[in-house]
Structure formats: structure tokens, C-alpha cells
Asks: 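A single structure is presented below for examination.
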Amino acid sequence: MLTCKEVSKLVSESLEHPLPFRQRMGVRLHLMMCSMCRAYQKQTLLLRAAMRTYARHEPSEPLSEQARQRIKNALKTDGK
Amino acid sequence: MSAEIETWVDEHGDALYSYALSRLRNPASAEDVVQETFLAALRSQDRYTGKSSPRTWLIGILKHKIVDLIRKESREQSAEEIENMVEPEELFFDRKGHWRIKPVDWQVHPGKILEQKEFMAVLLQCLEHLPDRLHRLFVLRELEDMGSEEICKDLEITSTNLWVMLYRARMRLRGCLTENWFGGEPC
């Protein structure tokens, strides 16, 4: 029987590669019986979805005026 | 022709900077990669065919610059950064592998919560608190959507190592979200 700690690792790993059959079954069995690990799994999946959402909607941070000017100057120097 | 690139700085500078900042966290580094991106664009503008929008083209260049920098930083990272850090698995589990800090049911509807600006702001804060090394890997994997294999090859780490690091990043982030958004009491 897998421990919660092992299951938590495997749930995260399953986002990276398909788990081997035995591990997959072990995780599934554990999750059926353990509500804490189920809550953890939900959180982990939500986190991934949140990161995907975040990647699509960039918060807008303006480039500072100094940086903008510096970049323009660099372009002028380089463009010559 | 450099005049056109200069107007691009006004038109796309903010977007590129936001993109870079969310991945690098450090404003100075973000400004640097944005500058490098515009310089690279200037040098290779004859390769810009106009098939994609200028912004898409620039973001493409920027992505490469960001990954290059992350690769460089990850080689240079100091050892001291790794030590004196309690690993989340030690924090969240007891010796027998049982939960010590139990995950609470967030009781949220995934579709709804992701639309909430406040939730995203807390997520951002939590990302801010990730240790550098974890943050770099997590960004490549989850924001840049690079595959595990590609990251391992790029950063010269084993997949086992990557999986452990991603696990730790996820553990920390969900812990941080529980504390700061869901107001969960550790029990």
C-alpha cells in the first residue's frame, strides 16, 4: 500500500509522464480510500489549469520610460 | 529601417516586458532580455516575412532569450541557495508518510475561480515566493509549456531530478494558495 507521501509524488509525476501500470493502480486504489489525497490531487490539477490561464492572460506591466529610452538608444547605436 | 523597430518598442515594449517579467521575476533581467530581443529583431529583420504579427514574431525571439537566460542562471546558481531550505515533503508529511498538514478541500469550481483576478494575484504572489531554482523549472514547464525531456536536455538534469523539483514547486504553491487564498488552517 502506498503512503500519502508516495501518492502525492506520483500524482505530480503523472502530470509529466504516464505512470507504469502498477503505480497507476496503486495510486488509484489509494485515492479511492483517501479523501486528503483526493483533495491534494484536485489542488494539483487546479494549479496546472491556473498556470495555463495565467500563461494566456499576461498581467500588464509597463516598461519604464528609462528602459524604453535605453532600448531605443541601443537600437540607434546598433542600427548604424 | 531601425525607425520601424523603434516604433515597435512603443507598440510592443510593454507586452514583451510583462511576458519577460512573469517568467524571470527580476525587473532588470526582464528589461535586459527585452532589449536583446529588439536588438536581435533589428539584426534579423530581413527574416521577418510578415506572415505572423510583429508581436508574435518578437515574442518568439523573446522566448529564446528567456530560456537562454534561465539556462545560464541555472548553471550559475549557487549551492547555498539549495541548502537551508525545508523541503515541502518534510513539512507536509510525518515520518511515516502520513499528511501532517492535511490538504483541505478548496471547494471551488475550477472554471469560475480561474476567472477571478484576485485568485490570480494570490497565485502570482505565491510564485514570487518560490525558491529561484524551483521557479525556473516551474516556469519552463508550466508557462513555457516545454516538455520534460526538452527541459532535462536543456538544463542538463535527470528526469527524476526534474520530477522531484516540479513536485516540490507544486507542493509549495498549493500550500501557499491554501494559506493565502483559501484561508485554510493547518490542522
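Quantities reported herein were computed from a predicted structural model and do not represent experimental measurements.
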Asks: Heavy-atom distances under 4.5 Å only: say whether F93(B) touches chain A with side chain, backbone, both or neither.
Replies: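 Answer is side chain: those atoms of F93(B) sit under 4.5 Å from chain A.
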
Asks: Can you name the disulfide bond (SG atoms under 2.5 Å apart) partners of C4(A), sequence neighbours left out?
Replies: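 Once residues adjacent in sequence are excluded, C4(A) has no partner under the disulfide bond (SG atoms under 2.5 Å apart) criterion.
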
Asks: How far does CG of L47(A) sit from CZ of R172(B), to the nearest 0.5 angstrom?
Replies: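 L47(A) CG to R172(B) CZ: 14.0 Å, rounded to 0.5 Å.
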
Asks: Among Q107(B), R43(B), R141(B), R168(B), which residue has the highest count of heavy-atom pairs closer than 4.5 Å to chain A?
Replies: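 Sorted descending by pairs with chain A, the first entry is R141(B).
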
Asks: Minimum heavy-atom separation for R68(A) to V9(B), with atom names?
Replies: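 Closest heavy-atom pair between R68(A) and V9(B): NH1-O, 3.4 Å.
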
Asks: Quick one: are Q66(A) and E31(B) in side-chain contact, heavy atoms under 4.5 Å?
Replies: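 No - every pair of side-chain heavy atoms lies 4.5 Å or more apart.
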
Asks: Under the 3.5 angstrom rule, does the side chain of D78(A) hit a backbone N or O of L39(B) as a donor-acceptor pair?
Replies: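 Absent.
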
Asks: Report yes if some heavy atom in the side chain of L127(B) is under 4.5 Å from a heavy atom in the side chain of Y54(A); otherwise report no.
Replies: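 Yes, side chains in contact.
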
Asks: Verify side chain to side chain contact (heavy atoms under 4.5 Å, CB included) between Y40(A) and R174(B), making sure each step is shown before the conclusion.
Replies: CA-CA 8 Å; Y40(A) 159 83; R174(B) 49 158 288 278; 3.5 Å; yes

Asks: In this structure, which one of L177(B), T178(B), V108(B) forms a side-chain contact (heavy atoms from CB on, under 4.5 Å) with Q43(A)?
Replies: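 Of the listed options, the one satisfying the test is T178(B).
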
Asks: Given a strict heavy-atom distance threshold of 4.5 Å, which part of K117(B) is in contact with chain A: side chain, backbone, both, or neither?
Replies: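 Nothing of K117(B), per the 4.5 Å heavy-atom cut-off to chain A.
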
Asks: What option among K42(A), R52(A), K72(A) has the most heavy-atom pairs under 4.5 Å with chain B?
Replies: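 With the most close heavy-atom pairs to chain B, the winner is K72(A).
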
Asks: Is R38(A) salt-bridged to D105(B), going by a charged N under 4.0 Å from an acidic O?
Replies: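 So R38(A) does not pair with D105(B) through a salt bridge.
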
Asks: So how far is it from N73(A) CG to Q35(B) CD, rounded to the nearest 0.5 Å?
Replies: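 Result: 9.0 Å between the selected atoms.
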
Asks: Heavy atoms only, distances under 4.5 angstrom: which of F119(B), F38(B), F92(B), W163(B) has the most pairs with chain A? Name it, please.
Replies: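 Of the options given, most contacts go to W163(B).
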
Asks: So which heavy atom on R48(A) is nearest to which on R170(B), and how close?
Replies: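 Nearest pair, atom of R48(A) first, then R170(B): NH2-NH2, 3.3 Å.
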
Asks: Establish whether I157(B) and V139(B) are linked, either directly or via other cluster members, by ILVMFWY side-chain heavy-atom contacts under 4.5 Å.
Replies: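 Shared cluster, yes.
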
Asks: With side chains defined as the heavy atoms from C-beta onward, is the minimum distance between M51(A) and L123(B) less than 4.5 Å?
Replies: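 Yes, close enough: below the 4.5 Å cut-off.
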
Asks: Under a single-linkage rule joining Ile, Leu, Val, Met, Phe, Trp and Tyr whose side-chain heavy atoms are separated by less than 4.5 Å, which residues share a cluster with M32(A)?
Replies: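 Members besides M32(A), by chain and number: M1(A), L29(A), M33(A).
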
Asks: Can you check side chain to side chain contact (heavy atoms under 4.5 Å, CB included) on Y17(B) and S64(A), steps first, answer last?
Replies: CA-CA 9 Å; Y17(B) 178 68; S64(A) 73; over 6 Å; no

Asks: Under 4.5 Å between side-chain heavy atoms, counting indirect links through other Ile/Leu/Val/Met/Phe/Trp/Tyr residues: same cluster for V122(B) and L45(A) or not?
Replies: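 Shared cluster, no.
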
Asks: Could you give the distance from CE (M36(A)) to CD1 (I101(B)), rounded to the nearest 0.5 Å?
Replies: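 So the CE of M36(A) and the CD1 of I101(B) are separated by 12.5 Å.
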
Asks: If I compare all heavy atoms of P103(B) with all of A39(A), which pair ends up nearest, and what's the gap?
Replies: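 Shortest heavy-atom contact: O-CB, 4.0 Å.
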
Asks: Give a yes or no on whether a salt bridge exists between D32(B) and R70(A), defined as a side-chain N under 4.0 angstrom from a carboxylate O.
Replies: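 The answer is no: the pair does not qualify as a salt bridge.
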
Asks: In terms of hydrophobic clustering (I, L, V, M, F, W, Y; side-chain heavy atoms under 4.5 Å; direct or indirect links), are L140(B) and V164(B) co-clustered?
Replies: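 In one cluster with L140(B): V164(B), no.
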
Asks: Applying a heavy-atom distance below 4.5 Å, give me the residues of residues 143-150 of chain B that approach chain A, sorted by number.
Replies: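 L143(B), D145(B), S148(B) fall under the 4.5 Å cut-off.
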
Asks: Write down the atom of I113(B), the atom of L46(A), and the distance for their closest heavy-atom approach.
Replies: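 Scanning both residues, the minimum pair turns out to be CG2-CD1, 3.8 Å.
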
Asks: Could you tell me which residues in residues 5-25 of chain A have at least one non-hydrogen atom under 4.5 Å from a non-hydrogen atom of chain B, sorted by residue number?
Replies: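 From residues 5-25 of chain A, the residues near chain B are K5(A), S8(A), K9(A), S12(A), E13(A), L15(A), E16(A), H17(A).
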
Asks: When heavy-atom pairs shorter than 4.5 Å are enumerated against chain A, which of L166(B), L21(B), D14(B) gives the highest number?
Replies: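 Answer, by heavy-atom pair count under 4.5 Å with chain A: D14(B).
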
Asks: So, do T53(A) and E115(B) sit near enough that their side-chain heavy atoms are less than 4.5 Å apart?
Replies: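 Side chain of T53(A) against side chain of E115(B), heavy atoms only: no contact under 4.5 Å found.
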
